> 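I am attaching a structure below and will ask some questions about it afterwards.
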There are 4 protein chains.
Amino acid sequence: MRTFSNNEGLVSERREHIAKSVAPLFVRKGYGQTSIREIAKACDMSMGHLYYYIGGKEDVLQIMMDFDLHFYVNLVKKIISSSRSLSPTEALVKVIDQFFRATDAAGDFTLFFYQETKNLQPDARKIIMDRERSLVMEFEKLLGRGCTAGEFQIDNIPLVANNIVITGHMWALRRWMLRKICTLDDYIQNQTEYLLKSIAPGGKKGLAFNKGLLREPLNK
Amino acid sequence: MRTFSNNEGLVSERREHIAKSVAPLFVRKGYGQTSIREIAKACDMSMGHLYYYIGGKEDVLQIMMDFDLHFYVNLVKKIISSSRSLSPTEALVKVIDQFFRATDAAGDFTLFFYQETKNLQPDARKIIMDRERSLVMEFEKLLGRGCTAGEFQIDNIPLVANNIVITGHMWALRRWMLRKICTLDDYIQNQTEYLLKSIAPGGKKGLAFNKGLLREPLNK
Amino acid sequence: MRTFSNNEGLVSERREHIAKSVAPLFVRKGYGQTSIREIAKACDMSMGHLYYYIGGKEDVLQIMMDFDLHFYVNLVKKIISSSRSLSPTEALVKVIDQFFRATDAAGDFTLFFYQETKNLQPDARKIIMDRERSLVMEFEKLLGRGCTAGEFQIDNIPLVANNIVITGHMWALRRWMLRKICTLDDYIQNQTEYLLKSIAPGGKKGLAFNKGLLREPLNK
Amino acid sequence: MRTFSNNEGLVSERREHIAKSVAPLFVRKGYGQTSIREIAKACDMSMGHLYYYIGGKEDVLQIMMDFDLHFYVNLVKKIISSSRSLSPTEALVKVIDQFFRATDAAGDFTLFFYQETKNLQPDARKIIMDRERSLVMEFEKLLGRGCTAGEFQIDNIPLVANNIVITGHMWALRRWMLRKICTLDDYIQNQTEYLLKSIAPGGKKGLAFNKGLLREPLNK
DNA sequence: CATGAATGAGGTTTCATTCAT
DNA sequence: TATGAATGAAACCTCATTCAT
């Protein structure tokens, strides 16, 4: 990311300022509909000065996404590590509860990520995706602990970890439909139940049966 | 939606042509990054002629989304009605299989919906969302049948229906991550297993237990 | 003016239809802001068919102006000839009254002429101006009759004729200001008085005095 | 009127520049037939930069009209105040002479006003009309002084003031016809004579007589 | 005679980016 | 460091006119 300043500390300080200033603007108007003039005004900088710290408009998007995702991932890490003393099941329930509430609080920001990632350059996109991957990995660790402890039985841990994350995001992505169905409290409770049932140990028979169902009639 | 033609048949024919022509372009470049000139060229029309059938650029987005979603919803309806003779469980397994494969085939189109719906005018957005809602309702009907038959046990049918749809979409939205975890076949099989386990009858005790877990430690 | 039809009678019939149909549209929206599509719709014709009788958009303006001015001039001629049996002063008073009322009824049409004549081609403009000139000439004849009869004393008859016409137009051109000053009845009465005083016989002395005033202090 | 600059001094300086640069162009081609590209070129600015000081094409019209009318009204004010030491009759004669010559010098600009005011937004139109009104009021003051001094006898001062202004405008509006009748010098002299006769004191009898004429034969 | 689908040049406006100060 | 005036390419959209039917 091009810069005219060599003062690294200043640059990262300014970029944090940019990320914070621009977030509500981007979330409200969308990246494409926000002009550099508006960005500069939100950052309380002149346009020329803004370009002192960024190389182009896209950089503002990347800076903002990276910063917010960093914050979000750290939050999840804190939540997970703070429940390390609990049993895996208890920890999972608590983490899901807090993760879903945090996602709800992040609000349209989650939706923003799904919408605007496409506007990033490939290398910037990779950075963002790596952060997203690390978010999932936090859940993988927790699920792994549960499997080791015999509380969960999971074939494909990364997939279930993804399911949890997506289920959190879903509340943001489809709020317009889900709000008509239930409250956030209901949502958390119900989804947690479904998850726990689906990863509860035992039930091998059912699985074998299902696998049969799945394979036979669909063969052509 | 404004038109200069009164020939309704012609208008809807051209609009279908527009919807089909523009879809790959939109999916590849994004709505905002596609210019009217490109749209016209993709439709093999002059720009002026394009405006003979639409009122503005936004209309192209709406026409394309409406058409594709219509197609998609009809497909799901067909899938579901074709499995009416099967038992609910068998039907669900089959429908999920086909629905997930259809969503995979629709490719980036699913992602496109999540990204670009924001660019629609409120009334156009409502139309699109109603179609989306009707998609979910197809699954609700199927789940309802399973509950009646005693094969499923579901508190919140609309929520589970949403889960199924989202799980399908997720394969498109997060392909970049999921592809590293498993194949589509694995994905379908695993997600189906998780779903069936989570809605399997019985297990009341577990639920009560979970509810306790959920509520007690989180109360402040 | 180009035509595709050779049937002269039909052409002039259609052009009259066009003139009548388009007048309210032009007066309301202005020539430049009215599209051929709207013109065709107002004429109850297709665009293509309209071009069967005209050579271009400008022709519509010319046709409409020519027709309406023709109508207007004829009206004034009728008014003037119908008062031929009255004394010149009586006739003038009556003609002015009726002319001003007719101009008021023509409404924004008068303003339209001043605004849009510039959009005519030079030769079309000449035709319109000739009609306007013939309007003035009708008043010149009347004034000439009065001078011969000794009821008026006018140095420059064409100028006074112009003054009368302009004073009529002024009511249309500056209605927004004049309406605050007086009613149409007041306007007619006052302007008639001023006119009659200014062309009353006698008062040579005053004129000589004025001429002196006019010439001496302004010479440099 | 929207601006991107907060530097008020610069903005009004540039707008004056725009007003001056664009006037001959507008007068020659008309507002509607002048493109933004041409306006920018005439102002020696890029199109984008032009939009730095205006909110839209209409603003250019308003800026130009406001500026020129301001100049014109100030001119008349100066003329009138410079003749304050003269007798009302002398002053009127002198002011008319100078006002008519100024209007003649302003050339097609007067016609432009009558033609293009319709293209202004209502609020902009109001501003222009207020300036026009203040022009008339200058003449009202002068006429009022003459009435007080007993040199004029006028029922409706605002109307006569309007007549004077219109008679000046008329030379511009109908130059094509008036030029064939007389020179500007003749025009000024004749119109001044007519005016002075029409507002000369005395002649009550004639008025009473005329009023009779006016009312009786036209009643139905 | 009559239609209206089709054209494409040209209109107004926006905006990321630069550079003299 | 900091400013914001200036650029110009490119965006969306309109419309007079033509021509195959």
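Heavy atoms only: backbone and side chains are in, while hydrogens, waters and symmetry mates are out. Model, not experiment: these values are computed from the prediction. Within every chain, numbering begins at 1; the chains are lettered A, B, ... in the order of the sequence lines, protein sequences first and strands thereafter.
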> Quick check on DNA chain E: between B:Ser5 and A:Gly55, whose nearest nucleotide comes earlier from the 5' end?
B:Ser5
> Sequence neighbours excluded, which residues qualify as side-chain contact (heavy atoms from CB on, under 4.5 Å) partners of A:Leu111?
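Only A:Gln115, A:Leu173 meet the side-chain contact (heavy atoms from CB on, under 4.5 Å) criterion with A:Leu111.
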> Working note: A:Met64 + A:Lys20, criterion side-chain contact (heavy atoms from CB on, under 4.5 Å); need CA distance, chi angles, decisive distance, verdict.
CA-CA 7 Å; A:Met64 176 262 197; A:Lys20 284 176 181 165; over 6 Å; no
> Between E:dT14 atom P and D:Lys57 atom NZ, what is the distance in whole Å?
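From D:Lys57 NZ to E:dT14 P: 15 Å.
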> First locate atom CG of A:Asp66, then atom CD1 of A:Ile63, and finally report the distance between them rounded to the nearest 0.5 Å.
9.0 Å
> In plain terms, say whether A:Glu116 and B:Lys118 are close enough for a salt bridge, that is, a side-chain N and a carboxylate O under 4.0 Å apart.
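Yes, A:Glu116 and B:Lys118 are salt-bridged.
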> Return the 5'-most residue of the pair B:Ile54, D:Asn6 with respect to DNA chain F, ranking by each residue's nearest nucleotide.
D:Asn6
> Map D:Arg2 and A:Arg2 onto DNA chain E by nearest heavy atom, then report which one ends up closer to the 5' terminus.
D:Arg2
> Looking at residues 43-53 of chain A, who's got a heavy atom less than 4.0 Å off DNA chain F?
A:Ser46, A:Met47, A:Gly48, A:His49, A:Tyr52, A:Tyr53
> What about the rings of C:Phe67 and C:Phe71, do their centers lie closer together than 6.0 Å?
no
> Could you tell me the separation between the CZ atom of D:Phe4 and the C1' atom of E:dT13, rounded to a whole number of Å?
10 Å
> Check each residue of residues 18-39 of chain D for a non-hydrogen atom within less than 4.0 Å of any atom in DNA chain E, then write out the ones that pass by number, or none.
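D:Thr34, D:Ser35, D:Ile36, D:Arg37 - these, ordered by number, are the residues of the stretch whose heavy atoms sit under 4.0 Å from the strand.
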> Dot-bracket for DNA chain F, please. Rules: Watson-Crick or G-U, both distances under 3.5 Å, ( ) within the strand, [ ] when a pair crosses earlier ones, | for another strand, . otherwise.
.||||||||||||||||||||
> In whole Å, what is the span from the CD atom of D:Glu8 to the C1' atom of F:dG4?
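Going from D:Glu8 (CD) to F:dG4 (C1'), I get 16 Å.
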> Taking the side chain from B:Lys57 and the backbone from B:Ser35, do they hold a donor-acceptor pair closer than 3.5 Å?
no
> Could you list the donor-acceptor pairs under 3.5 angstrom formed between side-chain atoms of residues 40-55 of chain C and any protein atom two or more places apart in sequence or on another chain?
from    : atom 1 : to      : atom 2 : distance (Å)
C:Ser46 : OG     : C:His49 : N      : 3.1
C:His49 : NE2    : C:Tyr53 : OH     : 3.3

> Atom CZ of B:Arg14 and atom P of E:dG4: how far apart are they, to the nearest Å?
15 Å
> Between P on E:dT13 and CE on D:Met1, what's the gap in Å once rounded to a whole number?
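Spelled out: CE on D:Met1 to P on E:dT13 is 14 Å.
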> Base, sugar-phosphate or nothing for A:Asn7? Non-hydrogen atoms, less than 4.0 Å.
sugar-phosphate
> By ring-ring contact (aromatic ring centres under 6.0 Å, His included), which residues pair with A:Tyr114, not counting sequence neighbours?
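By the ring-ring contact (aromatic ring centres under 6.0 Å, His included) rule, A:Tyr114 matches A:His169.
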> Set out, in order, the CA-CA distance, both residues' side-chain angles and the distance that settles side-chain contact (heavy atoms from CB on, under 4.5 Å) for C:Met65 and C:Leu120, then state yes or no.
CA-CA 10 Å; C:Met65 279 195 165; C:Leu120 292 169; 3.7 Å; yes
> Evaluate side-chain contact (heavy atoms from CB on, under 4.5 Å) for A:Phe26 paired with A:Gln33, printing each intermediate quantity in order.
CA-CA 8 Å; A:Phe26 272 2; A:Gln33 280 65 49; over 6 Å; no
> Rounding to a whole Å, what distance do you find between D:Glu58:CD and E:dG11:P?
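From D:Glu58 CD to E:dG11 P: 17 Å.
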> Strictly by modelled atom types, are A:Thr3 and A:Arg15 linked by a side-chain donor-acceptor pair under 3.5 Å?
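Judged by distance alone, the side chains do pair up.
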